[in-house]
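For reference, the structure is listed below as structure tokens.
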Amino acid sequence: MDFSIFFAEQQKLLQKINLSFKRSLYSKINLKNRFIALLGQRGVGKTTIMLQILKEKFAYNDSVLYISVDNPYFASASLYDFAKEFEKYGGKFLFIDEIHKYKDFGSHLKAIYDSTDLNVIISGSSLLQIYKNNADLSRRIVTIKVPNMSFREYLELKRYNFPSYSLEEIVSKHVEIANDIISKIKPLKLFKEYLEYGAYPFIVEGVDTYKAKLINIINHILEVDLPYVTNIAYYNIDKLKKLLYILATSVPFTPNISELSQNTGISRPSVLEYIYLLEKAELLINMHYHSRGYSKLQKPDKIYLNNSNLMRAITYRTNTGNERETFFVNQVISYFFNKVSLLREDFVLSKSGDFLINGKTFELGGKRKGYKQIKEIPNSYIVADNIEIGFKNKIPLWLFGFLY
């Protein structure tokens, strides 16, 4: 097999890759793990992470190869046979992009693992259920979830470098941390920018085309990724788009499934399944008051768009309170993405405040938000918008963008 075409394509891609900005989880990718999966929403930078690793650690090394199964070659070629041939050629590392678009990928990956000594890094849609695929990959692959960019990462992209902080550090040291940050930047203006167009790395390509690219990503997830990974029929995609738009103009809200079914023409069980799948695709975040497990047939207590950028791209009918909650939920969920110990009941809705995280109650509001609703609740905090620095149990909202 002639690999020269693939290496030529690889070099063209590497020439465009910049190493000056790397996602926060880049340094946490341990190449000693033989099989690694980077899973996340389209547009969060999975391909760039793979090519940065290749450029920084393996540049001009002909034992390392990047391929995308989007390449027409793999429409009829065996991925397993390709990997076997590459190893015979002297291959050591194989980077496989868009793995969710390869039919029966699990069996091929299992065969590659069992029959070769290759190290493999794959990327795929956040919809991908690695552990539920027909081949048992759970013992063979380390999964890393790639979230959208945090506010801190957006600042780094603009050449303002700050460390990340744990949730415990932000709660206990927020005055000290905020003082250090505001001595270097004015966070409120930059925070408003982030809410509109800072959650995805392609902001470097310009503000003018950002929302159009985000809409294209949404359409690709609904029209291409979902049908590839799930059993959704193409004729239901328009109904799914209508459902997402209705949710986008209403969130966060407690869903009325019967009403959603009537307004979209989707059956009630399918509405529940689609809400579940839209969360898996990282277009929505479904929240609950207490742990009841997660299934396709369970109604969420509250639904959010995954991030405020999606809200601004889909509809102009944004609400400040909704945007605050969406930002907070997105940053906290993303912070917990790759923490092995997380159980979803560690972050739930609260009937006393807005949210309960590891036994701490958080109530969100504007800069004049008071303690009335939570004054009798131990370990309770106000998360306030439009303030640079907090006091005692009042924490600036923007500071939760430094969790990762």
Practice prompt. Just jot down the ring pair (Phe, Tyr, Trp, His ring centres under 6.0 Å) partners of Tyr80, sequence neighbours excluded, or say none.
Written response: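 For Tyr80 there are no ring pair (Phe, Tyr, Trp, His ring centres under 6.0 Å) partners, ignoring immediate neighbours.
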Worksheet item: Which residues pass the ring pair (Phe, Tyr, Trp, His ring centres under 6.0 Å) test with Phe151, sequence neighbours left out?
Response: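 Ring pair (Phe, Tyr, Trp, His ring centres under 6.0 Å) check on Phe151 returns Phe191, Tyr194, Phe402.
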Please examine the side chains of [Y] and [X], heavy atoms only from C-beta on, and report whether any two atoms are closer than 4.5 Å.
X: Leu51; Y: Leu14; answer: yes
X: Leu272; Y: Lys299; answer: yes
X: Asn379; Y: Thr361; answer: no
X: Tyr404; Y: Leu25; answer: no
X: Ile218; Y: Ile215; answer: yes
X: Gln331; Y: Ser150; answer: yes
X: Ser352; Y: Ile374; answer: no
X: Asp354; Y: Gln373; answer: no

Just checking [X]: does its [atom1] atom have more than 12 heavy atoms from other residues, nucleotides or ligands closer to it than 6.0 angstrom?
X: Tyr60; atom1: OH; value: no
X: Lys184; atom1: NZ; value: yes
X: Gln11; atom1: CD; value: yes
X: Phe7; atom1: CZ; value: yes
X: Lys92; atom1: NZ; value: no
X: Ile5; atom1: CD1; value: no

Worksheet item: Mind checking whether Tyr89 and Phe82 have ring centres under 6.0 Å apart?
Response: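 Judged by ring-centre distance (under 6.0 Å), Tyr89 and Phe82 do not meet the cut-off.
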Discussion item. Is the distance between the ring centroids of Tyr73 and Phe6 under 6.0 Å?
Written reply: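 So the answer is yes for these two rings.
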side-chain hydrogen bond (donor to acceptor under 3.5 Å, both in side chains) partners for [X], two or more places apart:
X: Arg324; answer: Asp385
X: Tyr66; answer: Asp97
X: Ser20; answer: Asn18

Worksheet entry | Spatial distance of atom CG (Leu79) from atom OG (Ser107) [nearest 0.5 Å] |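 If I round to the nearest 0.5 Å, the distance is 11.0 Å.
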Worksheet item: So among Lys84, Arg140, Arg34, which one has a salt bridge (charged side-chain N to carboxylate O under 4.0 Å, His left out) with Asp114?
Response: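 The salt bridge (charged side-chain N to carboxylate O under 4.0 Å, His left out) with Asp114 is passed solely by Arg140 among Lys84, Arg140, Arg34.
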Item to complete: Any chance you could lay out the salt bridge (Lys or Arg N to Asp or Glu O under 4.0 Å) test for Arg42 and Glu98, step after step, and finish with the verdict?
Response: CA-CA 10 Å; Arg42 183 170 295 277; Glu98 301 277 356; 3.2 Å; yes
Using a 3.5 Å cut-off and no angle test, enumerate the donor-acceptor pairs between side-chain atoms of residues 240-247 and protein atoms at least two apart in sequence or in another chain.
residue : atom : partner : partner atom : Å
Lys241  : NZ   : Asn219  : OD1          : 3.3
Lys241  : NZ   : Glu223  : OE2          : 2.4
Lys242  : NZ   : Asn263  : O            : 2.9

Please check if the side chain of [X] supplies one atom and the backbone of [Y] the other of a donor-acceptor pair under 3.5 Å.
X: Asn33; Y: Ile36; value: no
X: Trp398; Y: Ile387; value: yes
X: His100; Y: Ser125; value: yes
X: Lys392; Y: Tyr381; value: no
X: Arg23; Y: Val44; value: yes
X: Glu388; Y: Leu188; value: no
X: Asn148; Y: Tyr200; value: no

Practice prompt. Apply side-chain contact (heavy atoms from CB on, under 4.5 Å) to the pair Phe21 and Tyr26, showing each step before the final yes or no.
Written response: CA-CA 10 Å; Phe21 170 76; Tyr26 182 89; over 6 Å; no
Worksheet item: Between the side chains of Asn309 and Tyr210, is a donor N or O closer than 3.5 angstrom to an acceptor N or O?
Response: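 Side-chain D/A pair, Asn309 to Tyr210: present.
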Worksheet item: Using 4.0 Å as the upper bound for N to carboxylate O, is an ion pair formed by Glu156 and Arg152?
Response: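 Salt bridge between Arg152 and Glu156, a charged N being under 4.0 Å from a carboxylate O: yes.
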Worksheet item: Out of Asp81, Leu94, Ile112, which residue meets the side-chain contact (heavy atoms from CB on, under 4.5 Å) rule with Phe86?
Response: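 Among the candidates, only Leu94 passes.
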Worksheet item: Does NZ or CZ of Lys360 lie under 6.0 Å from the centre of the six-membered ring of Phe362, at an angle within 45° of the ring axis?
Response: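 No, Lys360 does not lie over the aromatic ring of Phe362.
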Discussion item. Is the terminal nitrogen or CZ of Lys351 (NZ for Lys, CZ for Arg) located under 6.0 angstrom from the six-membered ring centre of Tyr289 and within 45° of that ring's axis?
Written reply: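 Positive - Lys351 is close enough to the ring of Tyr289 and near enough to its axis.
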